[in-house]
*Asks:* 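Input: one structure, supplied below.
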Amino acid sequence: MALFMINRYLGEEEESKSNGESRSKALLSKLQERAKAREQQSVATKKESDVQDTKTSEQSGVGKTKRKLEQQDKKQSKKKRKESIREQDDVDDTPVEHTDLGTSDQSRKKKKKKDKKGSGTQEEKQQTESTGAVDEPESQKTADAQPEQSNTSSSFHILGGFENKAVQKVQRVLPKWLAEPDMIERDIKSNLIPLVDVPEICPQLRKKVEANGIQTFFPVQAEVIPAVLESVNSGLLIGRGGYRPRDICVSAPTGSGKTLAFVIPVVQALMTRVVCEVRALAVLPTKELAQQVYKVFCTYAEGTGLKVVMAAGQKPFAVEEATLSEIRGGVSRSLADIVVATPGRLVDHINKNEGFSLQHLRFLIIDEADRMIDSMQQAWLNQVTKAVYKSGHGSGVSIFRRVEPGPITVASLSPPQMPLQKLLFSATLTQNPEKLQQLGLHQPRLFSSTHSSTSEEKFNFPQGLTEYYVCCTLSKKPLLILHFLLRLKFSPVLCFTNSREAAHRLFLLVKLYGGVEVAEFSSRLSPSERQKTLKNFEQGKIQLLISTDAAARGIDIKGVKCVINYDAPQYIRTYIHRVGRTARAGRAGVAFTFVLGVQLEKFVKMIQDAGSPSLQKQTIKPESLRGMESRYEEVLNELGRVIKEENTQKRF
Ligand SMILES: Nc1ncnc2c1ncn2[C@@H]1O[C@H](COP(=O)(O)OP(=O)(O)OP(=O)(O)O)[C@@H](O)[C@H]1O
């Protein structure tokens, strides 16, 4: 069955394609006839004039002037004929940009005006009639004009349609599953669902949920948990009714609780397994995110006998290898039921770790799915799919054989097939069917908190978020940050820059200025340093954390009340993930973006087009920055010296 319905907008001609074809054939033959006739005519007139020329050349000087006059006459009549054809085009009201190569726009406009007044000489009318264009369709009239003009003004031949039409904007047509999602409430606070209202969750896990301080489910959890559990109603090995279960895509705001929406059903589905095999694989774009999801899995898998292992490159490869599998009695045995990985390390294990098998994989969870699709050039998904359907020991005797799914036919469905179900999660899930197709989704079902329309792509913004932009100059930005922390007393603040160099420079500047507990978070730090920094920030030991986009996605730091985009982000997805570090789990939060004059228009349009409900302008008066300026000047000089020193140290 086709995954996507691609409706292409083909213009009006498409409706009468067959009509159009026969019409164009008729037009073509007519044109050819006409061109021939014209050619013959011109040859005949040339012969005539040649004869006349030889006669007159024998005559006196009077003859010469006569010839000149005759030539002038000829030129004039030619010109008139050309004009009449152009006039005709304009009367037809057909755009002439392509055909009228020799006429300037201005003269065309003038003619158009003239025609609108209803003027036109008898001679012109006659000429028009003589071209036979009056009763012909518009397209033909334009086409008639083309050979004449191309002879006179240009050697170009215009190929293609006979009619020049303004290009119409193609309307986006989404496949049904994207256009009509299962809706999820965006407002968490007023849509909390009591745990008992999700009866699909087993008592053991419900107790665990309560023990972790969760009294109610968020909307996304109440919708998605039952949907995933429904697909394992008939056991792990086969989908409902014997069919392959549908893949699930979830697009819900940042901080809406998507992690639990996959952790709970996956743990419940696997907790009754008998043999330990890798049956769930969660892939995340960064080590920090993998660590975060790993922790949640560990919390809910505790006491179930399920083993959760992380393979994100935080430990040496050999150590990870040893935690994933072991060899006992010459046979390799999995030590993991659930693996949480980053794409790079995952591919390493698939290729280099012989004990790592994905042949029993039941759930493939792709968190931050849009980002993971963008990193698809690493081909990690192909490697996973290959590893899942690789025939290995015992696969021949298994009653639930595994072959890479092809088109659905009676034959392909008759043998029981152990399914691989994909679960996709993101706050900014792409609606681009071509991109989604790379994931090879099977009859996908979308849960979303925004209704997809055929126009602009809209995104999910957390309900409790208030967004501001602050117009400023480049030199005032550091002062503004200091103003927010020292005067307005915002804390803790997560601040984003567009590069790690900018993050480091700002970090040094604020540190040199003094009065603020500041730290940086970027690829300049080692993974362990980064982890420590996040912990300190979460514990309130850091007031201002200056970060690159390394901390923009998925990172769940409790208590962040304010996000500042020191550098305005270029892309809407980046913006949504950055500001989504605050206003999480139904709480309130505020985000400020420093915008330069040149960025203002584009930035505001980008945010408004994305469906932001609350973007407002915030003005900081220049006088409020005053008292800090002299110290800032001193710090700038010091900063230059520190950076110089750092650079010389780097060289040695
Ligand atoms: N039902 C719940 N009740 C209370 N808190 C919850 C509940 N579900 C999740 N949370 C908390 O909400 C916070 C955000 O959850 P989570 O990180 O899963 O959000 P997310 O939707 O994955 O966000 P992002 O898109 O930014 O990754 C976490 O701190 C989590 O512990």
Side-chain angles (χ1 to χ4, degrees), residues 184-198 201 205-206 208-226 249-267 282-286 288-300 340 365-372 423-430 447-450 459-465 494 496 534 537-538 547 549-561 563 573-589 591:
I184 298 171
E185 291 293 342
R186 195 169 67 96
D187 184 355
I188 296 177
K189 264 189 171 173
S190 30
N191 290 288
L192 295 169
I193 294 107
L195 299 188
V196 284
D197 286 1
V198 187
I201 297 177
L205 263 184
R206 191 176 305 140
K208 187 145 259 166
V209 170
E210 278 168 344
N212 282 302
I214 290 178
Q215 281 123 32
T216 48
F217 280 127
F218 289 168
V220 69
Q221 295 156 354
E223 291 289 333
V224 176
I225 294 172
C249 302
V250 180
S251 181
T254 48
S256 61
K258 294 185 287 294
T259 313
L260 276 190
F262 62 80
V263 167
I264 292 176
V266 165
V267 169
V283 191
L284 295 112
T286 63
E288 287 75 25
L289 274 182
Q291 172 85 33
Q292 197 174 288
V293 169
Y294 167 74
K295 270 191 194 164
V296 183
F297 263 122
C298 287
T299 307
Y300 288 89
V340 183
I365 303 138
I366 308 178
D367 202 0
E368 304 298 340
D370 56 317
R371 165 96 185 265
M372 299 303 287
L423 311 176
L424 270 68
F425 293 82
S426 178
T428 50
L429 192 71
T430 177
F447 292 86
S448 176
S449 48
T450 50
F459 291 93
N460 303 289
F461 289 80
Q463 185 82 10
L465 178 70
L494 181 54
F496 288 101
L534 282 184
F537 187 52
E538 196 156 14
S547 173
D549 285 322
R553 266 186 190 258
I555 298 286
D556 183 52
I557 311 163
K558 289 193 178 66
V560 177
K561 291 199 186 81
V563 166
R573 283 189 164 79
T574 314
Y575 176 82
I576 289 170
H577 287 283
R578 282 182 181 183
V579 298
R581 297 315 100 206
T582 185
R584 296 175 72 74
R587 292 186 202 102

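Note that ligands are numbered from 1 as they come in the structure, with each ligand's atoms numbered from 1 the same way.
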*Asks:* Which protein non-hydrogen atom lies closest to atom 8 (N) of ligand 1, naming both residue and atom, and how far is it?
*Replies:*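 In this structure, atom 8 (N) of ligand 1 has Gln221 NE2, 2.8 Å as its nearest protein heavy atom.
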*Asks:* Does at least one non-hydrogen atom of Pro253 fall below 4.0 angstrom from an atom of ligand 1?
*Replies:*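 Right, Pro253 reaches ligand 1.
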*Asks:* Backbone, side chain, both or neither: what part of Ile214 comes under 4.0 angstrom of ligand 1, heavy atoms only?
*Replies:*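 Answer for Ile214: side chain.
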*Asks:* Where the closest heavy atom to atom 5 (N) of ligand 1 is concerned, which of Phe218, Phe425, Phe262 has it?
*Replies:*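 The nearest heavy atom belongs to Phe218.
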*Asks:* Check this for me, if you would: do Lys189 and Asp187 make a salt bridge, where the nitrogen-to-carboxylate-oxygen distance has to be below 4.0 angstrom?
*Replies:*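 Judged by the 4.0 Å cut-off on N to carboxylate O distance, Lys189 and Asp187 do not form a salt bridge.
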*Asks:* For Lys258 and ligand 1, does the shortest N/O to N/O distance drop below 3.5 Å?
*Replies:*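 Yes; at least one N/O pair falls below 3.5 Å.
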*Asks:* Could you say whether the N/O atoms of Gly255 and ligand 1 ever approach to under 3.5 Å?
*Replies:*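 So ligand 1 has an N or O lying under 3.5 Å from an N or O of Gly255.
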*Asks:* Indicate, as side chain, backbone, both or neither, the part of Ala261 found under 4.0 angstrom from ligand 1 when only non-hydrogen atoms are considered.
*Replies:*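 Neither part.
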*Asks:* So which atom in Pro265 and which in Ile225 form the shortest heavy-atom distance, rounded to 0.1 Å?
*Replies:*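 Closest approach of Pro265 to Ile225: CD-CG1, 3.9 Å.
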*Asks:* In the protein, what heavy atom is nearest to atom 1 (N) of ligand 1, and what distance, to one decimal place, separates them?
*Replies:*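 Scanning the protein heavy atoms, the shortest distance from atom 1 (N) of ligand 1 goes to Thr216 O, 2.8 Å.
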*Asks:* Do you know which two heavy atoms are closest between Val224 and Ala261, and how far apart they sit?
*Replies:*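 Closest heavy-atom pair between Val224 and Ala261: CG1-O, 3.8 Å.
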*Asks:* Give the atoms of ligand 1, by number and element, whose distance to some non-hydrogen atom of Arg581 is under 4.0 Å.
*Replies:*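 Here the atoms of ligand 1 in question are 26 (O).
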*Asks:* Where does Gln215 meet ligand 1, judged by heavy-atom distances below 4.0 Å: at the side chain, the backbone, both, or neither?
*Replies:*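 Neither; no heavy atom under 4.0 Å.
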*Asks:* Given 3.5 Å as the limit, does a donor-acceptor pair link the side chain of Gln221 with the main chain of Gly257, or not?
*Replies:*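 Side chain of Gln221 to backbone of Gly257, a donor-acceptor pair under 3.5 Å: yes, one is there.
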*Asks:* Any nitrogen or oxygen of Ser256, main chain or side chain, under 3.5 Å from a nitrogen or oxygen of ligand 1?
*Replies:*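 Such a contact does occur with ligand 1.
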*Asks:* Is there a side-chain contact (heavy atoms from CB on, under 4.5 Å) between Arg581 and Ile557 once you walk through the steps?
*Replies:* CA-CA 7 Å; Arg581 297 315 100 206; Ile557 311 163; 6.0 Å; no
*Asks:* Evaluate the side-chain proximity of Leu260 to Tyr300: yes if any heavy-atom separation is below 4.5 Å, no if none is.
*Replies:*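 They are in side-chain contact.
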*Asks:* If you count the atoms of ligand 1 from 1 in the order shown, which ones are under 4.0 Å from a heavy atom of Lys558?
*Replies:*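 Within the 4.0 Å cut-off of Lys558, ligand 1 contributes 29 (O).
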*Asks:* Can you tell me which portion of His577 lies within the under-4.0 Å heavy-atom range of ligand 1? Options are side chain, backbone, both, or neither.
*Replies:*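 No part of His577 is near ligand 1 at this cut-off.
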*Asks:* Among protein heavy atoms, which lies nearest atom 27 (O) of ligand 1, and at what distance?
*Replies:*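 Its nearest protein heavy-atom neighbour is Gly554 CA, 3.4 Å.
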*Asks:* Closest approach of Ala588 and Thr582, non-hydrogen atoms and distance?
*Replies:*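 Closest pair (atom of Ala588, atom of Thr582, distance): O-OG1, 4.3 Å.
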*Asks:* Can you name the nearest heavy-atom pair linking Pro253 to Ser449, along with the distance?
*Replies:*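 Shortest heavy-atom separation between Pro253 and Ser449 comes out as CD-OG, 3.2 Å.
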*Asks:* So, does Lys258 use its side chain to make a donor-acceptor pair with the main chain of Ala252 at under 3.5 Å?
*Replies:*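 Pair found, side chain donor or acceptor close to backbone of Ala252.
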*Asks:* Side chain, backbone, both or neither: which part of Asp556 has a heavy atom under 4.0 Å from ligand 1?
*Replies:*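 It is the side chain that touches ligand 1; the backbone stays farther off.
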*Asks:* With respect to Gly257, determine whether any N or O atom, backbone or side chain, lies less than 3.5 Å from an N or O atom of ligand 1.
*Replies:*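 Yes, at least one N or O pair falls under 3.5 Å.
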*Asks:* How far is atom 22 (O) of ligand 1 from the closest protein heavy atom, and which atom is that?
*Replies:*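 It is Thr259 OG1, 3.4 Å.
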*Asks:* Classify the contact between Arg584 and ligand 1 as side chain, backbone, both or neither, using a heavy-atom distance cut-off of under 4.0 Å.
*Replies:*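 Within the 4.0 Å criterion, Arg584 contacts ligand 1 through side-chain atoms alone.
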*Asks:* Of all the heavy-atom pairs spanning Asp556 and Arg584, show the shortest one and how long it is.
*Replies:*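 For Asp556 versus Arg584, the nearest heavy atoms are OD1-NE, 2.7 Å.
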*Asks:* Counting only N and O atoms by type, is there a donor-acceptor contact under 3.5 Å from the side chain of Arg186 to the main-chain atoms of Phe461?
*Replies:*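 The answer is yes, because a donor-acceptor pair under 3.5 Å joins these two groups.
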*Asks:* Side chain, backbone, both or neither: which applies to Asp367 and ligand 1 if a contact is any heavy-atom pair less than 4.0 Å apart?
*Replies:*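 It is neither part, as no heavy atom is under 4.0 Å.
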*Asks:* Hey, which atoms in ligand 1 end up nearer than 4.0 Å to a heavy atom of Glu368?
*Replies:*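 Taking each heavy atom of Glu368 in turn, ligand 1 has 27 (O) under 4.0 Å.
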*Asks:* So, are Arg553 and Asp367 salt-bridged, with charged N and O less than 4.0 Å apart?
*Replies:*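 Answer for the salt bridge query: no.
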*Asks:* Please report which non-hydrogen protein atom sits nearest to atom 12 (O) of ligand 1, along with the residue it belongs to and the distance in Å to one decimal place.
*Replies:*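 Protein heavy atom with the smallest distance to atom 12 (O) of ligand 1: Ala585 CB, 3.3 Å.
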*Asks:* Any idea which part of Arg553 is under 4.0 Å from ligand 1, heavy-atom wise: side chain, backbone, both or neither?
*Replies:*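 It is neither part, as no heavy atom is under 4.0 Å.
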*Asks:* Do Leu494 and Ile555 have side chains that approach each other closer than 4.5 Å (heavy atoms only, starting at C-beta)?
*Replies:*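 Leu494 vs Ile555: side chains apart.
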